[in-house]
There are 2 protein chains.
Amino acid sequence: MATISDVAKQTGLSSATVSRVINNYPHVSEEKRRLVHEAMQELGYFPNTSARNLRNRKTNLVAVLIPRLTNPFFTTILDGIEKVAEEKGFQLLICQTQSSKKKELDFLTLLKTKQVDGVIFTSIENDWSKIEPYTESGPIILCNEYHRDATVPIVRLDQAYGSYLGTRHLIERGYKKIAFCHGSKSGLSNDRRKGFERAIAEAALPLNQEWVFHDTYTMEDGKKVLKKIINLKNRPTAIFTGGDEVASGVLKEAKRHGLKVPEELAILGFDDQPIASLIEPELTTIHQPGEEIGSRTMSVFIDCLNGVIERTQQSVIELPISLVKRKTT
Amino acid sequence: MATISDVAKQTGLSSATVSRVINNYPHVSEEKRRLVHEAMQELGYFPNTSARNLRNRKTNLVAVLIPRLTNPFFTTILDGIEKVAEEKGFQLLICQTQSSKKKELDFLTLLKTKQVDGVIFTSIENDWSKIEPYTESGPIILCNEYHRDATVPIVRLDQAYGSYLGTRHLIERGYKKIAFCHGSKSGLSNDRRKGFERAIAEAALPLNQEWVFHDTYTMEDGKKVLKKIINLKNRPTAIFTGGDEVASGVLKEAKRHGLKVPEELAILGFDDQPIASLIEPELTTIHQPGEEIGSRTMSVFIDCLNGVIERTQQSVIELPISLVKRKTT
DNA sequence: CCGTTTTTTGTAATCGATTACATGGAATCG
DNA sequence: CGATTCCATGTAATCGATTACAAAAAACGG
């Protein structure tokens, strides 16, 4: 492989001048500029990225932590991040955490070793106290996540408001016995529960603990939930699932049991994934602007790098969330 | 940031010895080893990746070219690639090509600039002659793609056999008027057409050009196809779509028009994506082992790096493809 | 035309690691 | 005990760029 000094030799110039040409610096005569370009062409020269990175102390690489690549909601976010990244000359490093605390921390050493300029979390597993020490090594942004004590920029949706909106909708439709599914008891899922509870409380409706289901994430979990519901003496008439996948599991199993949706059971999703409009009846759900939250996050990231935004103190950007009325409510 | 010479200074040793400790070389006394580890801890030292990459002439980075991150089939492949990569200590760089020839070529300069050790194509847009010059700079692997003249390892599925299998199935079920959708007229899509035509020819069935649809990729395209079918005097009784998304579009629109599936129109997908078992009736489709093809590809990639496999001549690994019978045929 | 400023180019240090080669000391062997 | 081998460590070159500083050449001003 040709190096910069090969080009220098070929042209009879110094590598400094060649470097100036490569980086489009002023104060290089047109003649030499042309000469250098010719030589580069001829030798098939490309600047070595590692050498540049070393010297420039940056890599134009961003680590994106994502729980699972096969989760459509996260790939939508990723897509949003990627579009801005590519536009601004950044590359993305995929870091699939599989929701493991250990992997999440492991990926953070990418920051310490200067392999990446910064990190974007699209979900977060560890306590903030574990993450915080890494903030000194480069920008960290939370995307679609919220931690009360986080000392970094946050781009998020008002989850609580989203579920409040959804629950209100159910109430307005006349449903009074409303079940609720949620994932973990922290973060997003917790916010959703709060919004749900607020709407329920405002309407002075009963909140039966039999109607609350934990650790629901997948379609399979949704099916299980419905099976439990079937066996209750006092069945709910509507269910707010934590996500579209769970919702579709509930729906599928409901149909299998001959339960009419929404007449006998209304179902409300969360996310507005493509499947929401594919299944039948089409799913009423809370729309999360996945791509937009991704692209905003990447913009914030770049602002941090450029010092436009303070990177070690909390700031929150909140994007609107909305209800998409379809056929299951 | 602490560097290796800070650690050397702190311990009173040379940076050579520190490097030996970092890289677990023999011939370092236990005492110094401990000393170095302590100093590293104390100084919060992490080796600088760019410096290492420069010196070692490798990055442990692989560029993965993928048309769209939001296409579930490709993210499944990506997931397979990622799992092996992480196991073997490689990181993945996301390169979303948006099916653009230009972007595809742009990403290849990552190889020239030594930013990545190699490239995996999960789809390919340019002619092989455009790609070939890059093979000298590092391993390139084709994943789920095939180019007759490609001079690199290929991991693929026998698409022609898959569609042959599917078409045979339709024929065995008694369908005689079979429509066919395909994307572009090159590559994968072309192979699928060949298998389809072979099965049709073997059964001596008619191949009506009115029943062949081009450039179908999305759900929307599927809907359009069905609208066209509706308006035909001589309607097909079955349709082999190029993919599950197209199939689900066809299905959805068929139901909207009151067409009974599969009684009045049988539908066969391709891919076996999660949606295939979500929609109703559940979709009969050709199963492509996405994750496996990804993981095999990454293994082949590593074999190339280690010189176990010749990287500049064609070799083909073919994975099995199978029919999943569900309810639409 | 001479002094000053600006443009063009080069020299050499630097980024932070790895490693070939050299060296001194300890262990081994006949 | 002297020759040989092995172990532990250091010195300095190297990977391939960028850039501070210096110097030569050109342009400018009066």
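With the nearest nucleotide of DNA chain D identified for both B/Ser14 and A/Ala2, B/Ser14 has the one nearer the 5' end. If you find the closest nucleotide of DNA chain D to A/Asn23 and to B/Arg33, the one lying nearer the 5' end belongs to B/Arg33.
A donor and an acceptor atom never sit less than 3.5 Å apart when one is taken from the side chain of A/Arg55 and the other from the base of C/dG16. Judged by distance alone, with hydrogens and angles left aside, A/Arg57 brings no side-chain donor or acceptor close enough to the base of C/dG16 to form a pair under 3.5 Å.
Rounded to an integer number of Å, the gap from B/Asn53 CG to D/dT14 C1' is 16 Å. For A/Asp6 and D/dG16, the CG to P distance is 9 Å, given to the nearest whole Å. Between B/Leu54 atom CG and D/dT18 atom C1' the separation is 13 Å, expressed in whole Å. One atom, CE of B/Met1, and another, P of C/dT14, lie 21 Å apart when rounded to the nearest Å. We find that NE2 of A/His27 is positioned 13 Å from P of D/dA20, with the value rounded to whole Å. We find that CG of B/Asn48 is positioned 17 Å from P of D/dA17, with the value rounded to whole Å. Following rounding to the nearest Å, B/Phe46 (CZ) and C/dA17 (C1') show an atom-to-atom distance of 16 Å. Atom CZ in A/Arg20 sits about 11 Å away from atom P in C/dT11, given to the nearest Å.
Side-chain N/O atoms of B/Asn56 include none lying less than 4.0 angstrom from OP1 or OP2 on D/dC15. The side chain of A/Thr3 contributes no N or O atom lying less than 4.0 Å from OP1 or OP2 of D/dG16. Side-chain nitrogen and oxygen atoms of B/Lys32 include at least one within less than 4.0 Å of the OP1 or OP2 phosphate oxygen of D/dT9. The shortest distance between the side-chain N/O atoms of A/Tyr25 and the OP1/OP2 oxygens of D/dT19 is below 4.0 Å. An OP1 or OP2 oxygen of D/dA17 is reached within less than 4.0 angstrom by a side-chain nitrogen or oxygen of A/Tyr45. Side-chain nitrogen and oxygen atoms of B/Arg52 include at least one within less than 4.0 Å of the OP1 or OP2 phosphate oxygen of C/dT18. In this model, the phosphate group of D/dT9 is approached by a side-chain N or O of B/Ser29 to a distance below 4.0 Å at OP1 or OP2.
Counting any heavy atom pair closer than 4.0 Å across all strands shown, B/Thr17 reaches sugar-phosphate atoms only and no base atom.
Between B/Phe301 and B/Phe90, the ring-plane angle classifies as perpendicular under the 30° and 60° cut-offs.
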- prompt: Where do A/Ser100 and A/Thr97 land on the side-chain contact (heavy atoms from CB on, under 4.5 Å) test, with the steps shown first?
  reply: CA-CA 6 Å; A/Ser100 139; A/Thr97 64; 5.6 Å; no
query: Could you go step by step and tell me if A/Arg156 and A/Glu318 meet the salt bridge (Lys or Arg N to Asp or Glu O under 4.0 Å) rule?
result: CA-CA 5 Å; A/Arg156 65 181 300 239; A/Glu318 206 155 74; 3.0 Å; yes
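For A/Glu310 against A/Pro153, the heavy-atom pair with the smallest separation is O-CG, 4.0 Å. Nearest heavy atoms, A/Met298 versus A/Ile81: CG-O, 3.7 Å.
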